[in-house]
Chemist: 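Next up is a structure, given as structure tokens.
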Amino acid sequence: MLPNKTVNFLMWIVIGLIGEAAASEVLAQSNENSAPQSLTIELGNGQSISVIRITAGRFQCGSPESEPERKSDELQHQVELTRDFYMGTFPVTVGQFRQFVSETRYKTEAEVGTSGGFGVENGQLVQKPEYNWKTPGYVVTDQHPVTIVTVKDALNFLMWLRTKSGRECSLPTESQWEYACRAGTTTAYYHGDDEPGLDGIGWHQGNSGNTVHPVGEKSPNAWGFFDLSGNVYEWCSDIYNDYPADLAEDPNPQQAKSGEPARNVLRGGSWMRLPDRCRSAARYRATPGTRNAENGFRVVMSVAAVQSQSEQPEIERTTPETNSLPSVVLPAASNSETTAPTLTDTHQNQHAAGSGNSTSSRSGTGMSWLLWSWLCFGGFVAAVVVALIIMTQLAGRKVDVSGDSVQLAGIRHLHEVSEDQKSPSAEPVRLAEDGFWLNGFQPGANLLCSYWVMNQMYQITTQIENSEQHFVYTGHRPESVDIVSIDDAEEETSISDWVPEDTDLGTGQGSASTTTVNPDSTTWSERSDSTGSSSSFPPAY
């Protein structure tokens, strides 16, 4: 990207060439700040999406060390958001996503794949081919938040929404999300510090009845946003990493922690999580291909409009017979604040875009040839300057929806683990502070795992993706991990096929002795479990 000083110098050249009056109009448009505080974008067939404008500012991101249930990755630090933005009043709903699918014939990753998504069965997440955003395992209405959607699914929806709104659309950054959630508060939850009060603002493990609920049934925060605590986790654009200690300006990290694969941040807690996961500062992460009935997303939209309809993205329509994902063409980036399109305003019947005085009338038939020549030359130079700026901003920005990676607007989500991200441990299971790693298992294999966290047993079925290591998030450091069974996608496989020859294995059936990793070492041991409740945390696979 060109240095700011260079861009400013080129802009002054343009001002000198095209004249002070025309330049004043450009600057006036770039400073346009008259957009309404909330908008409703019509999507068609009676569906619409409402967004609320958030003013730029500085806030304390993360949590103080004194906050109950605080985690070590919530380092409190200053964040400066330099530009206003719009954010969805609610998470994206099934009705809104259905309209997107109706117009584009898009198929989600859970529908295209053969394994399906993780739907809800008896309050647990279970993977089956029939589970997807339309059939998540619970009765859905158009007002339920859409779930079993991946980062790629969300990005395709946002491309489509751009054509509807005339504005740049994206997932929120982690900082944008927390800034909107807090709405000026510094407490653990946006209602205060008391955990019992959470029942009034969100759905969590203690009050959800083990299912997802329609949006907007709980109280909003001070800025008018609903469902930021609980109900469903929401994808963010950031790749999970440690927070910086110093002031961060518009952070959106895209580099994973050393030794870990790239995983997107999710925020907000969910219907199946403990209340402390619904805190404003609580962080969660999962690989971008994760598809389960715990995860949804919310939109962020620019205040400035896109420059022209010619810049709208193209989403290739797919027929019901094809299993290929639609290819997305990345639009040209635009940093100029131009006149907003006509949108339905929630506070007015119509929001008309500002017009301003046009300079085109100055180039009438009576204009002298000399002045006309200067204007043409100035326009040519201006076009060259704009092209240089756009080309430098688009360097490396391409979209690849084939293979195992998605790269969009400079954001790269890896499904595979690079050499420098390999786990240092060669053991089949390695414990971490908030989960455990599975190493060396065949991609596509389904593992039934039992683990103990805070003296309670949980059980999950997780599918290994295209990576040599696989992380399962548990929220706390497991006390032990048992691999009960391994089911290859093609044939039933015994545990002995996957572990070293000298490993002492149990029966593998979970009722007598099972293969266990001790939390104080990376060696395998036997453990006999005859009691314990069986519930499930979702996988972050």
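Below, each value reflects all heavy atoms present in this structure, side chains not excepted, and no hydrogens, waters or symmetry copies.
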Chemist: Assess whether a salt bridge exists between R279 and E69, defined as any Lys/Arg side-chain N lying under 4.0 Å from an Asp/Glu carboxylate O.
Modeler: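 Salt bridge between R279 and E69, a charged N being under 4.0 Å from a carboxylate O: no.
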Chemist: Is there a donor-acceptor pair closer than 3.5 Å between any side-chain N or O of N45 and the backbone N or O of Q47?
Modeler: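 Here the side-chain-to-backbone pair does not exist.
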Chemist: Does V101 reach the side chain of R98, with side-chain heavy atoms less than 4.5 Å apart?
Modeler: no
Chemist: Might you point out which heavy atoms bring V146 and W133 nearest each other, and give the distance in Å?
Modeler: CG2-CB, 3.8 Å
Chemist: If every non-hydrogen atom of P261 is compared with every non-hydrogen atom of A256, which pair is closest and at what distance?
Modeler: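 In this case the closest contact between P261 and A256 is O-CB, 3.7 Å.
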Chemist: How long is the span from the CG atom in D238 to the CZ atom in R283, to the nearest 0.5 Å?
Modeler: 8.0 Å
Chemist: Please determine whether side-chain hydrogen bond (donor to acceptor under 3.5 Å, both in side chains) holds for the pair N210 and Y138, giving the CA-CA distance in whole Å, both sets of side-chain angles, and the decisive distance to 0.1 Å.
Modeler: CA-CA 10 Å; N210 292 325; Y138 54 89; over 6 Å; no
Chemist: With rounding to the nearest 0.5 angstrom, report the OG1 to CD distance, T163 to E103.
Modeler: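 If I round to the nearest 0.5 Å, the distance is 7.0 Å.
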Chemist: Check whether any side-chain heavy atom of P251 lies under 4.5 Å from a side-chain heavy atom of V79, and answer yes or no.
Modeler: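 Of all side-chain heavy-atom pairs linking V79 with P251, at least one is under 4.5 Å.
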Chemist: Distance-only, no hydrogens or angles: does the D84 side chain make a donor-acceptor pair with backbone N or O of A56 under 3.5 Å?
Modeler: yes
Chemist: Does D250 come within less than 4.0 Å of R83, counting only side-chain N to carboxylate O?
Modeler: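 No.
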Chemist: Salt bridge (charged side-chain N to carboxylate O under 4.0 Å, His left out), that's the test. Do E234 and R267 meet it? Break it down for me.
Modeler: CA-CA 5 Å; E234 299 175 9; R267 286 299 207 105; over 6 Å; no
Chemist: Give, for atom OG1 of T55 and atom CG of L81, the distance between the pair rounded to the nearest 0.5 Å.
Modeler: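 So the OG1 of T55 and the CG of L81 are separated by 11.0 Å.
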Chemist: Strictly distance-based, threshold 3.5 Å: is any side-chain N or O of S48 a donor or acceptor partner for the main-chain N or O of T40?
Modeler: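 Pair absent, no side-chain N/O of S48 close to backbone of T40.
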Chemist: Looking only at non-hydrogen atoms, find the nearest pair between A432 and P478 and report the distance.
Modeler: O-CD, 3.7 Å
Chemist: If we only count heavy atoms from C-beta on, is the Y240 to E174 side-chain gap below 4.5 Å?
Modeler: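 No, side chains not in contact.
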Chemist: Using a strict cut-off of less than 4.0 Å between a Lys/Arg side-chain nitrogen and an Asp/Glu carboxylate oxygen, indicate whether D73 and R285 qualify as a salt bridge.
Modeler: yes
Chemist: In terms of side-chain geometry, is the basic nitrogen of R291 or E109 positioned less than 4.0 Å from the acidic oxygen of its partner?
Modeler: no
Chemist: Using a strict 4.0 Å threshold on nitrogen-to-oxygen distance, state whether R70 and E65 make a salt bridge.
Modeler: no
Chemist: Taking side chain as C-beta onward, heavy atoms only, is M87 less than 4.5 Å from L228?
Modeler: yes
Chemist: CG of D199 to NE2 of H191: how many Å apart, nearest 0.5 Å?
Modeler: 9.0 Å
Chemist: Are the side chain of R182 and the backbone of A188 linked by a donor-acceptor contact shorter than 3.5 Å?
Modeler: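 No; judged by distance alone, with no hydrogens or angles, the pair does not exist.
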Chemist: Where do H204 and C278 come nearest, in terms of heavy atoms and distance?
Modeler: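 Looking at all heavy atoms of both residues, the closest pair is CB-SG, 4.0 Å.
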Chemist: Here's a test for you: under side-chain contact (heavy atoms from CB on, under 4.5 Å), which of F85, F225, Y86 qualifies with I52?
Modeler: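 Between I52 and the candidates, side-chain contact (heavy atoms from CB on, under 4.5 Å) is satisfied uniquely by F225.
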Chemist: In Å, rounded to the nearest 0.5 Å, how long is the span from CG of N221 to OG of S229?
Modeler: 8.5 Å
Chemist: Is it the case that over 12 heavy atoms from other parts of the model lie below 6.0 angstrom from the CG atom of D194?
Modeler: yes
Chemist: Side-chain contact test, heavy atoms from C-beta onward, threshold under 4.5 Å: evaluate it for V299 versus F157 and give yes or no.
Modeler: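 Counting from C-beta outward, V299 and F157 do come under 4.5 Å.
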Chemist: What class does the angle between the rings of W223 and Y179 fall in, given that below 30° is parallel, 30 to 60° is tilted and above 60° is perpendicular?
Modeler: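 Perpendicular: the ring planes of W223 and Y179 meet at over 60°.
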Chemist: Grab the two heavy atoms, one from Y131 and one from A110, that are nearest each other, plus how far apart they are.
Modeler: O-CB, 4.0 Å
Chemist: I would like to know whether K107 and N132 meet side chain to side chain contact (heavy atoms under 4.5 Å, CB included); could you show each step before the answer?
Modeler: CA-CA 10 Å; K107 286 184 176 292; N132 57 57; over 6 Å; no
Chemist: Specify whether F97 and F297 have parallel, tilted or perpendicular ring planes, treating 30° as the upper limit for parallel and 60° as the lower limit for perpendicular.
Modeler: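 F97 vs F297 ring planes: perpendicular.
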Chemist: Are any of the side-chain heavy atoms of R53 and V303 separated by less than 4.5 Å?
Modeler: yes
Chemist: Verify the distance criterion only: is there a donor paired with an acceptor across the side chains of E168 and S302 at less than 3.5 Å?
Modeler: no
Chemist: Hey, are the side chains of N292 and T147 touching, using non-hydrogen atoms and a 4.5 Å cut-off?
Modeler: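 Counting from C-beta outward, N292 and T147 never come under 4.5 Å.
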Chemist: Is the side chain of W271 donor-acceptor paired with the backbone N or O of A293 at a distance under 3.5 Å, no angle test?
Modeler: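 Flag set: sc W271 to bb A293 pair under 3.5 Å.
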Chemist: Would you call R298 and D227 a salt bridge, using N to O less than 4.0 angstrom?
Modeler: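 Salt bridge flag = no for D227 with R298.
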Chemist: Please examine the side chains of L266 and E294, heavy atoms only from C-beta on, and report whether any two atoms are closer than 4.5 Å.
Modeler: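 Answer no - side chains too far apart.
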Chemist: Say whether, by atom type as modelled, one donor and one acceptor occur between the side chain of D482 and the main chain of V484 under 3.5 angstrom.
Modeler: no
Chemist: Taking R167 as the fixed residue, which of L161, L39, I41 is the one that meets the side-chain contact (heavy atoms from CB on, under 4.5 Å) rule?
Modeler: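 Of L161, L39, I41, side-chain contact (heavy atoms from CB on, under 4.5 Å) with R167 is met by L39 alone.
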Chemist: Within the distance-only criterion (no hydrogens, no angle test), does the side chain of E249 pair as donor or acceptor with the backbone N or O of L247 below 3.5 angstrom?
Modeler: no
Chemist: Check this for me, if you would: do E42 and K164 make a salt bridge, where the nitrogen-to-carboxylate-oxygen distance has to be below 4.0 angstrom?
Modeler: no
Chemist: To the closest 0.5 Å, what do you measure between CG (L274) and CG (L198)?
Modeler: 11.0 Å
Chemist: Would you say H213's side chain and S208's backbone share a donor-acceptor pair under 3.5 angstrom?
Modeler: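 Between the backbone of S208 and the side chain of H213 there is a qualifying donor-acceptor contact (under 3.5 Å).
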Chemist: Could you go through E195 and Y189, starting from their C-alpha distance and side-chain angles, then the distance that decides it, and tell me whether this counts as side chain to side chain contact (heavy atoms under 4.5 Å, CB included)?
Modeler: CA-CA 8 Å; E195 190 173 287; Y189 308 92; 3.7 Å; yes
Chemist: P145 and V215: which non-hydrogen atoms are nearest, and at how many Å?
Modeler: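 Looking at all heavy atoms of both residues, the closest pair is CD-CG1, 3.8 Å.
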Chemist: Yes or no on side chain to side chain contact (heavy atoms under 4.5 Å, CB included) for K134 and E111, after CA distance, side-chain angles and deciding distance?
Modeler: CA-CA 10 Å; K134 294 177 290 186; E111 294 173 284; 3.3 Å; yes
Chemist: How about S237 and N252: does a side-chain donor come under 3.5 Å of a side-chain acceptor?
Modeler: yes
Chemist: Check step by step if side chain to side chain contact (heavy atoms under 4.5 Å, CB included) holds for N207 and K218.
Modeler: CA-CA 12 Å; N207 68 352; K218 296 293 186 177; 3.9 Å; yes
Chemist: Between N241 and Q255 (side chain of the first, backbone of the second, donor and acceptor by atom type, cut-off under 3.5 Å), is there such a pair?
Modeler: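 The answer is yes, because a donor-acceptor pair under 3.5 Å joins these two groups.
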Chemist: A cation-pi test, strictly: NZ or CZ of R273 under 6.0 Å from the centre of the six-membered ring of Y233 and no more than 45 degrees from its axis. Yes or no?
Modeler: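 Negative - R273 is either too far from the ring of Y233 or too far off its axis.
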Chemist: Can you tell me if N156 uses its side chain to pair, donor with acceptor, with the backbone of D153 under 3.5 Å?
Modeler: no
